[in-house]
Trainee: 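Structure provided below as structure tokens; questions to follow.
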Amino acid sequence: MIERKDILTIPYLKKTAFTGSYEGLRFRFSAVEKELPPENGEGSGKEGQVLEVAAWEAPYGYDATPEEEKQRMEAEFSEEGIQKGIGWLNGLWEQEPERWLSAKANWQKARV
């Protein structure tokens, strides 16, 4: 399973995206500028960072994978958001381990 120690720190994520993989599940954590909902429910929101977590099948990297093959979630850009992203990724893996292991096996065959 993916653990907190596997993901780099908030200061790192403020500067650049972090990619990794687990058993055929590729993932990316990145800070994204987005209009946030207004705090009091009135008026327009302000720009701020959210944490975007993307997941897709191995073997290709983020840029080489078609958008329609990626799954995404957003969370608050904070330590809690990172933890939610990790939980979401682990949930994806637990729901379909055969899918991710198959992607890993296909990747290994292609490398031989």
Side-chain angles (χ1 to χ4, degrees):
M1 302 312 303
I2 301 165
E3 298 179 14
R4 176 62 185 101
K5 66 181 176 63
D6 299 325
I7 311 301
L8 292 179
T9 63
I10 289 177
Y12 179 93
L13 292 172
K14 284 183 179 179
K15 296 178 183 177
T16 189
F18 172 76
T19 59
S21 65
Y22 176 77
E23 300 289 334
L25 169 65
R26 301 287 318 260
F27 57 86
R28 178 179 189 254
F29 283 74
S30 62
V32 176
E33 288 293 323
K34 188 172 185 178
E35 186 173 322
L36 303 174
E39 292 184 22
N40 61 4
E42 296 178 17
S44 61
K46 60 182 179 177
E47 286 284 317
Q49 285 186 326
V50 296
L51 180 67
E52 180 184 84
V53 183
W56 65 96
E57 290 181 15
Y60 301 112
Y62 181 83
D63 292 332
T65 301
E67 285 300 313
E68 61 271 8
E69 294 180 19
K70 297 173 189 169
Q71 296 175 261
R72 299 178 191 279
M73 66 89 64
E74 289 182 354
E76 177 183 314
F77 191 80
S78 65
E79 183 60 36
E80 183 178 300
I82 293 173
Q83 294 289 351
K84 285 181 182 179
I86 292 168
W88 178 73
L89 291 169
N90 286 331
L92 288 177
W93 201 91
E94 290 170 354
Q95 289 171 9
E96 299 182 279
E98 307 82 25
R99 172 186 177 192
W100 308 112
L101 291 172
S102 175
K104 178 183 176 185
N106 291 337
W107 183 10
Q108 290 172 335
K109 288 177 192 174
R111 293 176 56 196
V112 175

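The figures that follow rest on heavy atoms only: side chains count, while hydrogens, waters and symmetry mates do not.
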Trainee: Any ion pair linking R4 and E79 (charged N to carboxylate O, less than 4.0 Å)?
Mentor: yes

Trainee: Between CH2 of W56 and CD of E68, what distance do you get to the nearest 0.5 Å?
Mentor: 14.0 Å

Trainee: Would you mind reporting whether L101 and E23 have side-chain heavy atoms less than 4.5 Å apart?
Mentor: yes

Trainee: Under a 3.5 Å distance rule, please check whether Y60 uses its side chain to pair with a backbone N or O of T65 as donor and acceptor.
Mentor: no

Trainee: Does anything in residues 90-100 form a side chain to side chain donor-acceptor pair (under 3.5 Å)? List the pairs, not counting sequence neighbours.
Mentor: E57-R99, Q71-R99, E96-R99

Trainee: Which heavy atom of D6 sits nearest to which heavy atom of M1, and what is that distance?
Mentor: OD2-O, 4.0 Å

Trainee: What's the spacing between K15 NZ and T9 OG1 if we round to 0.5 Å?
Mentor: 8.5 Å

Trainee: Taking C-beta and beyond as the side chain, do F29 and I7 meet within less than 4.5 Å on heavy atoms?
Mentor: yes

Trainee: Using the six-membered ring wherever Trp is involved, compare the ring planes of F18 and Y12 and label them parallel, tilted or perpendicular (cut-offs 30° and 60°).
Mentor: perpendicular

Trainee: Looking at A54 and L89, what are the two nearest heavy atoms and their distance?
Mentor: O-CD2, 4.4 Å

Trainee: Should I82 and L8 be regarded as members of a common hydrophobic cluster, given that ILVMFWY residues are connected when their side-chain heavy atoms come within less than 4.5 Å of each other, either directly or indirectly?
Mentor: yes

Trainee: How close do A103 and G24 get, heavy atom to heavy atom, and via which atoms?
Mentor: CB-O, 3.9 Å

Trainee: Quick check: closest heavy atoms across A31 and F77, and the distance to 0.1 Å?
Mentor: CB-CE1, 3.5 Å

Trainee: From S78 OG over to L13 CG, what is the distance, rounded to the nearest 0.5 angstrom?
Mentor: 11.0 Å

Trainee: Which atoms form the tightest heavy-atom contact between Y62 and E67, and what is the distance?
Mentor: OH-OE2, 4.3 Å

Trainee: Salt bridge between E52 and K34, side-chain N to carboxylate O under 4.0 Å?
Mentor: no

Trainee: In the structure I gave you, are the side-chain heavy atoms of K70 and R26 within less than 4.5 Å of one another anywhere?
Mentor: no

Trainee: Can you hop from I10 to V32 via hydrophobic side chains spaced under 4.5 Å?
Mentor: no

Trainee: Side-chain contact test, heavy atoms from C-beta onward, threshold under 4.5 Å: evaluate it for F27 versus L92 and give yes or no.
Mentor: no

Trainee: To the nearest 0.5 angstrom, please state how far the CE atom of M73 sits from the CH2 atom of W88.
Mentor: 7.0 Å

